[in-house]
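Notes follow the structure.
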Amino acid sequence: MISRVADSCFWLTRYLERVDTLARLLEVNRSFQLDAEMSSGDRWRPLVVVSGSEELFLERVGAEQIDDAEAVQAYLVWDEEEPSSIVSSVRWARENARTIRETMSVETWESVNDVWLWLRDRATRRLYDRDRDAFYDHLCKQCMLFHGICYSTMLHEDPFLFMKLGRAVERAGQTARILDVKHHALGDTAADRETTVDAAQWLAILRSCSAFEPFFKRSAHVLTGQAVARFLIFDRTFPRSVLHNLDRARGLLLRLQAEENSSRRHRSWEVLERVRGQLLQMDIEDVLDWGIHRTLTWIVDSNSELCDALHEDYLDPPIEALRFAARTAGNPSFHPLLATPVDESSGSGQAQRQG
Amino acid sequence: MSLSNTPRLFEGYEPLPGTFDEFFGPDGKPHPPVEQVVRLLNELDPQAFRQRQKLADTTFLRSGVTFSVYGKSTDTERIFPFDLIPRIVSATEWHDVERGLVQRIRALNLFLNDVYGEQRILAEGVVPEHMVLGSKAYQPKMHGITPPKGVYVHIAGVDLIRGDDGRFMVLEDNVRTPSGVSYVLENRMMMKKVFANVFRESRVAPVEMYPTRLREAMAAVSPGGGSEPHSVVLTPGPFNSAYFEHSFLARRVGCELVQGSDLFVEGDRVFAKTTTGPSPVHVIYRRVDDDFLDPQWFRSDSMLGVPGLVRAYAKGNVAIVNAIGNGVADDKAIYPYVPDMIRFYLSEEPILEQVRTYICEREADRRYVIEHIEELVVKAVNEAGGYGMLVGPKASQRECADFRARVAADPRNYIAQPLIELSACPTSSRDGVGPRRVDLRPFIVTGDSSWVLPGGLTRVALVKGSYVVNSSQGGGSKDTWVVGEPPA
């Protein structure tokens with residue numbers, strides 16, 4: 001399939017995953033405030049930090065508001081100039097979808113367009129004011145609905161695979177980031193001296209990953225930072241754990257490679273195998289030795305390395321490699337002397353992306 | 001006749017004076033082909049009618065059947081206003097229109113072959129040489145390059161209007177990248193959805209085979225020979241106002257939608273950049289204008305095109321649909337010569353009439369135009385979308401003076417026509433159903449032979465009294481129904 005189209009498939013689901021994650025984080029954080037006895041300074045700032053929005057928030061809203069529940073939510077939901085806000089992510093998800101409408105099923109397109117139209121509706125703004133939980137809840141459900149609709153209405157071939165790949169990669173990174181909220185709220189964990197505030201914080205993290213009940217199905221689990229981190233990083237059956245999503249990404253890359261009839265080298269495969277292999281050899285003791293924050297930072301960085309490699313291999317391959325392949329692959333009438341001068345000025349009408 | 005007291009949809013409808021009404025004769029009775037539809041629509045009470053209109057609007061918005069307004073952000077996508085009252089043409093009348101369109105496209109295609117080849121028609125003085133070679137749309141670099149099977153005009157949209165006598169005539173030809181067919185198909189789908197019973201009983205000629213005909217035409221001109229061609233639709237990108245249509249066509253034809261940056265040329269062959277490497281491309285249905293197609297040949301600042309594309313085309317390695325340089329055939333100043341082209345190439349009389357046109361470059365015509373500008377419609381020859389146009393009878397003194405000066409300064413760039421009282425069709429508005437002026441754009445697809453989509457896009461000037469049907473200027477659309485049995 002066309003690389004740019006694959007790129008849009010990949011980014012479409014990444015943006016939707018960001019919407020889902022951020023909506024749940026905000027919803028959980030609101031109710032979390034009711035439970036824990038924390039200084040208010042720890043309540044909202046971490047969300048701004050993990051969204052990567054601290055600098056822009058300070059500049060556009062101001063330091064005095066960074067703990068203010070309403071100010072932070074208004075900013076992270078509605079601010080159109082904040083690239084990580086929900087409204088921005090929905091806009092870019094929808095823009096990517098609009099660009100590749102011919103690739104998606106009608107139902108899939110409509111489900112993205114619906115979220116966008118819903119968010120632009122004045123009635124939604126009133127819902128946000130009146131029943132915040134219902135607002136966040138609707139967003140999360142719409143994102144999940146999207147995946148269900150994809151699954152049931154699209155051909156399970158390349159566009160679908162790239163959508164799933166985008167979601168897996170984004171989820172692995174998001175779970176690592178959410179786990180890191182704790183670090184930004186309370187500093188690195190020390191398993192032997194956890195307080196009730198810690199426990200409440202861990203509970204909130206589980207709920208932010210829809211992991212509350214799944215976590216307690218693991219009978220040995222008591223609510224400690226160590227157990228939560230182990231679950232969210234290593235549990236291969238939990239659909240939002242880091243390792244589960246790397247497993248998925250691996251399966252998807254294998255399928256994509258199987259369809260190719262060349263034996264070219266894929267850097268993305270190498271990066272993924274390295275990171276995944278390393279995680280498989282680690283256990284939670286190693287993570288604690290190394291430091292949770294450090295481990296999570298490594299996961300997030302490896303994740304962006306993987307994304308770069310995916311761009312190089314599939315989504316935006318370098319033109320020189322393509323030209324070389326075009327010259328060499330079954331093209332008998334090619335005369336090198338006729339080659340036109342290389343022109344690198346290729347326009348980019350692509351939807352913006354960041355991450 | 002009516003069982004209840006609610007007002008009927010067409011109650012109190014008054015046709016415009018001096019204008020052909022698409023539904024009702026001067027005696028207030030519906031034309032025979034329209035009778036049944038009028039009866040069926042009259043069975044709906046206006047309340048139910050309004051509900052269906054609302055349903056249609058929200059469905060279009062939800063499914064993103066929109067066009068974007070230039071220079072604005074994503075928020076300014078609009079639905080193309082759609083009026084639920086169909087426009088109706090009898091199959092008998094359509095039969096002649098169809099023959100006339102095929103004849104016209106044959107002639108225009110021969111004209112393009114000639115202009116970029118022998119130039120017989122210029123040598124014999126049927127069309128003045130300087131008008132053709134001096135046209136902004138003439139591409140001298142295309143001279144001597146023959147597209148596969150000699151087809152230049154694969155897709156044409158010919159704008160037809162009816163004057164006060166009700167006869168169809170050609171207003172202009174569009175043989176570059178005519179748009180609008182996606183709305184024909186979407187409108188039809190909508191009518192089936194909201195007016196299932198009216199539709200079922202009216203025996204309307206289907207339009208749904210358009211994508212298949214287009215695919216066949218594209219395959220017919222593929223240089224790949226017998227093997228399955230790799231076809232793509234080339235779009236300027238999602239910011240183009242017709243992006244919805246580009247995406248729609250790719251989806252329905254079953255090919256990929258690409259932007260210029262998705263393609264590259266190596267060894268005079270065109271390839272697409274895919275996730276598994278380069279993939280050869282054989283047919284490009286481009287919705288990018290000539291000047292932007294290839295920065296090596298045309299505008300070097302173009303970011304939309306593919307460097308080297310024209311070389312690949314010239315070598316016969318790729319088919320470009322429509323061909324490059326077609327604009328010389330639909331130049332508004334060439335239009336007056338089309339009847340002569342038909343006589344010249346086909347030795348036939350034109351089946352379709354066209355509008356009397358003054359060519360401002362001719363001195364006598366120019367003098368007439370300048371003296372009578374208040375009675376005329378003046379058009380810049382290379383503008384579309386209702387821009388660069390003066391409707392004399394509706395314009396102010398100042399606007400007329402301005403156009404007089406423009407015509408005097410650059411006569412080659414202007415033509416003028418008498419104001420035609422475009423026919424009107426009952427159309428719903430806030431104040432009930434009233435007459436609004438319409439035109440019709442049928443689509444003609446040509447591969448091995450020509451095929452005409454039954455009906456076409458009816459555009460309607462939604463503003464009361466307006467003559468301008470363009471979507472960018474307050475126009476909407478209607479479904480067009482060809483009804484009844486065609487003559488044997």
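So that the names make sense, note that chain A is the first sequence line, chain B the second, and so on, each numbered from 1.
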Please identify each residue that fulfils side chain to side chain contact (heavy atoms under 4.5 Å, CB included) with A:E270, with sequence neighbours left out. A:R265
A:A326 to B:P278 - nearest heavy-atom pair and separation: N-CG, 3.5 Å
Nearest non-hydrogen partners of B:Q259 and A:T99, listed with the distance: NE2-CG2, 3.9 Å
Can you tell which part of A:L256 gets under 4.5 Å to a heavy atom of chain B, answering side chain, backbone, both or neither? neither
Value rounded to 0.5 Å, distance of CG in B:D262 from CZ in A:R4: 4.0 Å
Non-hydrogen atoms of A:A6 and B:T275 that approach each other most closely: CB-CG2, 3.5 Å
Rounding to 0.5 Å, atoms OH (A:Y314) and OG1 (B:T274) come to a distance of 11.0 Å
Please look at B:L61 and chain A and tell me whether the side chain, the backbone, both or neither of the residue comes under 4.5 angstrom of a heavy atom of that chain. both
Can you give me the closest heavy-atom contact between A:I319 and B:K273, atom names plus distance? CD1-CE, 3.7 Å
Partners of A:N113 by side chain to side chain contact (heavy atoms under 4.5 Å, CB included), sequence neighbours excluded? A:R94, A:W109, A:W116, A:L117
Flag side-chain contact, heavy atom, 4.5 Å: A:R101 against B:F248: no
Measuring from atom CZ of B:F271 to atom CZ of A:R323, what distance do you get when rounded to the nearest 0.5 angstrom? 10.0 Å
B:Y243 and A:I100 have their tightest heavy-atom pair at OH-N, 4.3 Å
Check whether A:D158 gets within reach of chain B through its side chain, its backbone, both or neither, counting any heavy atom under 4.5 Å. side chain
Between CZ of B:R251 and CE of A:M104, what distance do you get to the nearest 0.5 Å? 10.5 Å
Rounding to 0.5 Å, atoms CZ (B:F239) and CD (A:E95) come to a distance of 5.5 Å
Atom pair CD (B:E256) and CD1 (A:I2), whose distance is rounded to the nearest 0.5 Å: 4.0 Å
